[in-house]
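I have placed the structure first, in the form of structure tokens, so that the comments after it can refer back to it.
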Amino acid sequence: MTSPEVEKEKSHIIVEIIQYIPNAVLSKTILKKLTGNITVSSFDAGEELAEKTSPFDNYIQIIDGTAEIIINENTHKLTLGQGIIIPAHAKHCFNANVQFKMISTIIKSGYED
């Protein structure tokens, strides 16, 4: 479930722009461009996102709760304020053993270097 971008030139508290919904994973686009995007997501306890890969690096930062992220079969537990880069083409998935919110930043340019 995705809604339009966050309004530009209007301050916000990132953790408050998305709520927890029972038995759901919610996402809201902060900024979307051809060269990349920033998304905030909330995961209710017990939810997960199935394993996938992306052709781009993805920076994840936890803004509430604790997340379990599995990257190439290595499990990482991230708490409030922690971040991790999911490398391009890496298999990864997310598990919410407890509720958590995260920011995802994907950059789609610069790979030609």
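Residue numbers run from 1 in the order of the sequence given. Please read all numbers here as calculations on a predicted model, not as lab measurements.
Between Phe100 and Thr66, the closest side-chain pair of non-hydrogen atoms is not below 4.5 Å. Counting only heavy atoms from C-beta outward, the side chains of Ser104 and Ile60 approach each other to under 4.5 Å. Taking 4.5 Å as the limit, every side-chain heavy atom of Gln82 sits out of range of all side-chain heavy atoms of Ile84. A heavy-atom distance below 4.5 Å is not found between the side chains of Ser27 and Thr29. Within the 4.5 Å cutoff, side-chain heavy atoms of Phe43 are placed close to those of Leu49. Here the side chains of Leu31 and Lys8 are in contact, with some heavy-atom distance below 4.5 Å. Side-chain contact between Lys77 and Asn97 is present, with at least one heavy-atom pair separated by less than 4.5 Å. Between Ile14 and Ile30, some side-chain heavy-atom pair lies under the 4.5 Å cut-off.
The minimum heavy-atom distance linking Asn37 with Lys32 is given by the pair CB-CA, 3.9 Å. Scanning both residues, Ile63 and Val15, for their nearest heavy atoms gives O-CG2, 3.5 Å. Annotation for Lys10 and His12: closest pair O-ND1, 3.5 Å, computed over non-hydrogen atoms.
In this structure, Ile107 places its CD1 atom where only 12 or fewer heavy-atom neighbours from other residues, nucleotides or ligands lie under 6.0 Å away.
Screening Ile86, Ile70, Asn72, Ile71 against Lys91 for a side chain to side chain contact (heavy atoms under 4.5 Å, CB included) leaves a single residue, Asn72.
Formation of a donor-acceptor pair under 3.5 Å by the Gln99 side chain with backbone atoms of Ser42 is not found in this model. At distances below 3.5 Å, not a single donor-acceptor pair connects side-chain atoms of Lys28 with backbone N or O atoms of Ile17. When atom types are taken as modelled, the side chain of Asp44 and the backbone of Asn23 share a donor-acceptor pair closer than 3.5 angstrom. Under a 3.5 Å cut-off, the side chain of Lys101 and the backbone N or O of Asp64 do not form any donor-acceptor pair. His92 contributes a side-chain N or O that, together with a main-chain N or O of Lys52, makes up a donor-acceptor pair within less than 3.5 Å. Under a 3.5 Å cut-off, the side chain of Asp57 and the backbone N or O of Pro87 do not form any donor-acceptor pair.
Transitive grouping of hydrophobic side chains (ILVMFWY, heavy atoms separated by less than 4.5 Å) keeps Met102 and Ile85 in distinct clusters. There is no path of hydrophobic side-chain contacts, each under 4.5 Å, that joins Phe94 to Leu80. No continuous path of hydrophobic side-chain contacts links Ile106 to Leu34 [ILVMFWY only; heavy atoms under 4.5 Å].
One distance of note links OH of Tyr20 with CG of Leu26; it measures 11.5 Å at 0.5 Å rounding. In this structure, Ile18 CD1 and Glu16 CD are separated by 13.0 Å, a value rounded to the nearest 0.5 Å. Distance check: Lys33 NZ to Lys108 NZ gives 12.5 Å after rounding to the nearest 0.5 Å.
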Can Thr79 and Ile62 be said to form a side chain to side chain contact (heavy atoms under 4.5 Å, CB included), step by step?
CA-CA 6 Å; Thr79 58; Ile62 304 307; 6.0 Å; no

